[in-house]
Number of protein chains: 2
Amino acid sequence: MTKHTFISSKGQLQARWKSAFPDAVVRTEPGGERPDVLWWARVPLNSAELSSAIAAVPGVPVVVLSPEPVQEDAMHAIALGARGYCHSHATPSMLQQVAVAVTHGGLWLGPELMSRVMGAASERLLGEQAPDVDPGLDLLTPRERAVALEVARGATNKEAARRLDITERTVKAHLGAAFEKLGVRDRLQLVLALKYVPVDVDHAA
Amino acid sequence: MTKHTFISSKGQLQARWKSAFPDAVVRTEPGGERPDVLWWARVPLNSAELSSAIAAVPGVPVVVLSPEPVQEDAMHAIALGARGYCHSHATPSMLQQVAVAVTHGGLWLGPELMSRVMGAASERLLGEQAPDVDPGLDLLTPRERAVALEVARGATNKEAARRLDITERTVKAHLGAAFEKLGVRDRLQLVLALKYVPVDVDHAA
DNA sequence: AAGCCTATTGGACCGGTGGACAGGGTGGGC
DNA sequence: GCCCACCCTGTCCACCGGTCCAATAGGCTT
């Protein structure tokens, strides 16, 4: 059975959510058992809280619910890695649709926002022809890249293995190869290398 | 039963697709019965053809399949309204995942592309607006902050200890406190949690 | 056919990491 | 004075992470 956890400041709307997902869990704080979908209904939207909540459950799609959807909030949520954004008063069947989409690797945004996001993304990526795209990623094989990206989202080797459907040993192999190609010594510096390009490690010196 | 139509120039890979969707229809030209998902496997990708094919079936999610996924092609497809982009040699189960996501209103892109698109969209739509600042760091005591910043630069516990002139044990103590305050489980997630803070850090002074 | 790259996995090793017990020392507020 | 927050240190231990030794298999180039 799919597990759903709702994070709500006031615990309201539980009835509606339980209607969509009868065995849903409603909490006021993140934590507890790892759900299949994490619904973020805290208002107002706090980037820091949302960010760490998302980081705390790598691999779990996070959907942000808002009582009055605002594009800016939605974009913040997306920027932080949320996989969905919709009205907190959405009908149960709508919520179920969203759940299905995100648990299958999709991004769910609602028609209007979706087209805006897609438009903006293509403007950004086609317009400037990827100037600051990590040269690092291009050095990696597709598999190494996939593993590196999982790790860069905060996943452990075990979690990355589960997400990519390979053994932990293989994750280590790809990671090791990525370390060597990028000239870093561990996963943390790999993340830094993928964020801002140069790693100014004067530490070891 | 969900109906799937594949548009392929050469009609190849039919076996693979039929394995995923036994009653799929493979065509060389768009048209015919209205499917639930339209899979576009024509190579090379032609924007005009794809555009009119998408326009011809409003409401039907279109997924572009490519034998060798390229970001630029993906962005063109997205810009034209495609709801998904993935490898044409994807496993049947993967295709099924994609199908489920897009038929439920989702956008399916694969981890790497997805994060790029999301990042690009938020950059474009949020502009240079600084996110609402200083969540994490202000929760920490000065010493915890110093340790966290060392770690965020890629230092090991031992290196941080040497730079701050304390024992490795103390570094662990501060780090552990920082983990708890920020609600993360390890140093990597701590870095991610601090990532969305303006890092002006000239702390070395 | 031979060679290379990629992807995958196994076993073993060992240092780094994080949590669970501990403390002791300082300074400020009530 | 007491309490409390902060800073610093210690030991023990389970687990994770990174690297070494391999091996098998498929695809691609020469």
Side-chain angles (χ1 to χ4, degrees), chain A residues 31 52 55-56 58-59 137-193 199 201 203-204, chain B residues 12-13 16 67-69 87-91 94 110-112 137-193 203:
Chain A
S52 52
L137 284 178
D138 296 349
L139 297 176
L140 306 182
T141 68
R143 233 30 194 159
E144 289 164 358
R145 206 175 309 157
V147 171
L149 287 172
E150 282 302 322
V151 167
R153 287 188 58 80
T156 63
N157 288 342
K158 193 171 304 191
E159 288 168 347
R162 198 163 50 83
R163 297 250 316 153
L164 298 175
D165 196 30
I166 53 182
T167 61
E168 188 177 349
R169 182 62 191 81
T170 308
V171 170
K172 286 186 177 183
H174 288 311
L175 259 190
F179 291 159
E180 182 159 2
K181 287 183 180 176
L182 298 182
V184 298
R185 69 178 174 208
D186 57 35
R187 61 211 293 113
L188 205 153
Q189 293 199 347
L190 180 142
V191 172
L192 296 179
V199 185
V201 200
H203 287 63
Chain B
Q12 58 186 2
L13 279 175
R16 199 170 195 96
E68 41 178 289
H87 204 292
S88 50
H89 289 76
T91 63
M94 171 80 80
E112 185 185 353
L137 287 179
D138 286 2
L139 296 176
L140 306 181
T141 68
R143 227 40 188 154
E144 289 164 358
R145 202 175 312 153
V147 172
L149 288 174
E150 282 303 322
V151 167
R153 298 185 52 180
T156 63
N157 288 342
K158 192 171 307 194
E159 288 168 349
R162 200 159 43 88
R163 285 175 69 89
L164 298 175
D165 195 32
I166 52 181
T167 62
E168 188 177 347
R169 180 61 191 87
T170 308
V171 171
K172 286 185 179 183
H174 289 312
L175 255 192
F179 291 159
E180 184 157 1
K181 286 183 180 176
L182 297 181
V184 299
R185 69 175 173 212
D186 56 37
R187 60 213 295 113
L188 204 153
Q189 294 197 348
L190 179 141
V191 173
L192 295 180
H203 63 292

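Lettering of chains follows the sequences in order, A, B, ..., and the numbering in each one begins at 1.
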Exercise. With the sugar-phosphate defined as primed atoms, P, OP1 and OP2, and the base as all remaining atoms, what B/S/- string results for nucleotides 22-30 of chain D, 5' to 3', for protein heavy atoms under 4.0 Å?
Worked result: ---------
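Straight-line distance from the NE2 atom of B:His174 to the P atom of C:dG19: 15 Å, rounded to whole Å. If you take CZ of A:Arg187 and C1' of D:dG18, they are 10 Å apart, rounded to a whole angstrom. Here the C1' atom of nucleotide D:dT9 and the CG atom of B:Leu175 are 16 Å apart, to the nearest Å. C:dC14 atom P lies 21 Å from atom CZ of A:Arg185, rounded to whole Å. Between the P atom of C:dG19 and the CD atom of B:Glu180 lies a distance of 8 Å, rounded to the nearest Å. In this structure, A:Lys172 atom NZ and C:dT9 atom P are separated by 14 Å, rounded to whole Å. Atom NZ of B:Lys158 and atom P of C:dG18 are 14 Å apart (whole Å). When the P atom of C:dT17 is taken as reference, atom CG of B:Leu188 falls 12 Å away, rounded to whole Å.
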For this session: Go through the steps to decide whether A:Thr170 and A:Leu164 satisfy the test side-chain contact (heavy atoms from CB on, under 4.5 Å), and finish with yes or no.
Result: CA-CA 10 Å; A:Thr170 308; A:Leu164 298 175; over 6 Å; no
Problem set entry | From CA spacing to verdict: side-chain contact (heavy atoms from CB on, under 4.5 Å), B:Leu190, B:Leu175 | CA-CA 9 Å; B:Leu190 179 141; B:Leu175 255 192; 4.2 Å; yes
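In this structure, A:Thr167 reaches the sugar-phosphate backbone alone: every heavy-atom distance under 4.0 Å involves primed, P, OP1 or OP2 atoms, never a base. Contacts of A:Ala177 with the nucleic acid, taken as non-hydrogen atoms under 4.0 Å apart, are absent. Within the nucleic acid shown, A:Thr170 comes within 4.0 Å of at least one base atom, counting heavy atoms only.
Both B:Lys181 and B:Val171 lie near DNA chain D, and the one whose nearest nucleotide falls closer to the 5' end is B:Lys181. Judged by closest nucleotide on DNA chain C, A:Glu168 is the one of A:Glu168 and B:Asn157 placed further toward the 5' end.
Side-chain atoms of A:Leu192 and A:Val184, non-hydrogen and from C-beta on, never get closer than 4.5 Å to each other. A:Arg163 has its side chain out of reach of A:Arg153: every pair of non-hydrogen atoms, C-beta onward, lies at least 4.5 Å apart. Residues A:Arg143 and A:Ile166 have side chains in contact (heavy-atom distance under 4.5 Å, counting atoms from C-beta outward).
Considering only the side chain of A:Ile166, C:dT9 comes nearest among C:dT9, C:dT17, D:dG18. Distances from the side chain of B:Pro142 to the nucleotides C:dA7, D:dC7, C:dT17 place D:dC7 closest.
Note on B:Thr141: a side-chain N or O is less than 4.0 Å away from OP1 or OP2 of D:dC7.
A donor-acceptor pair under 3.5 Å is absent between the side-chain atoms of A:Glu150 and the main chain of A:Ala155, judged by distance alone. Looking at B:Asp186, its side chain does come within 3.5 Å of a backbone N or O of B:Gln189 through a donor-acceptor pair.
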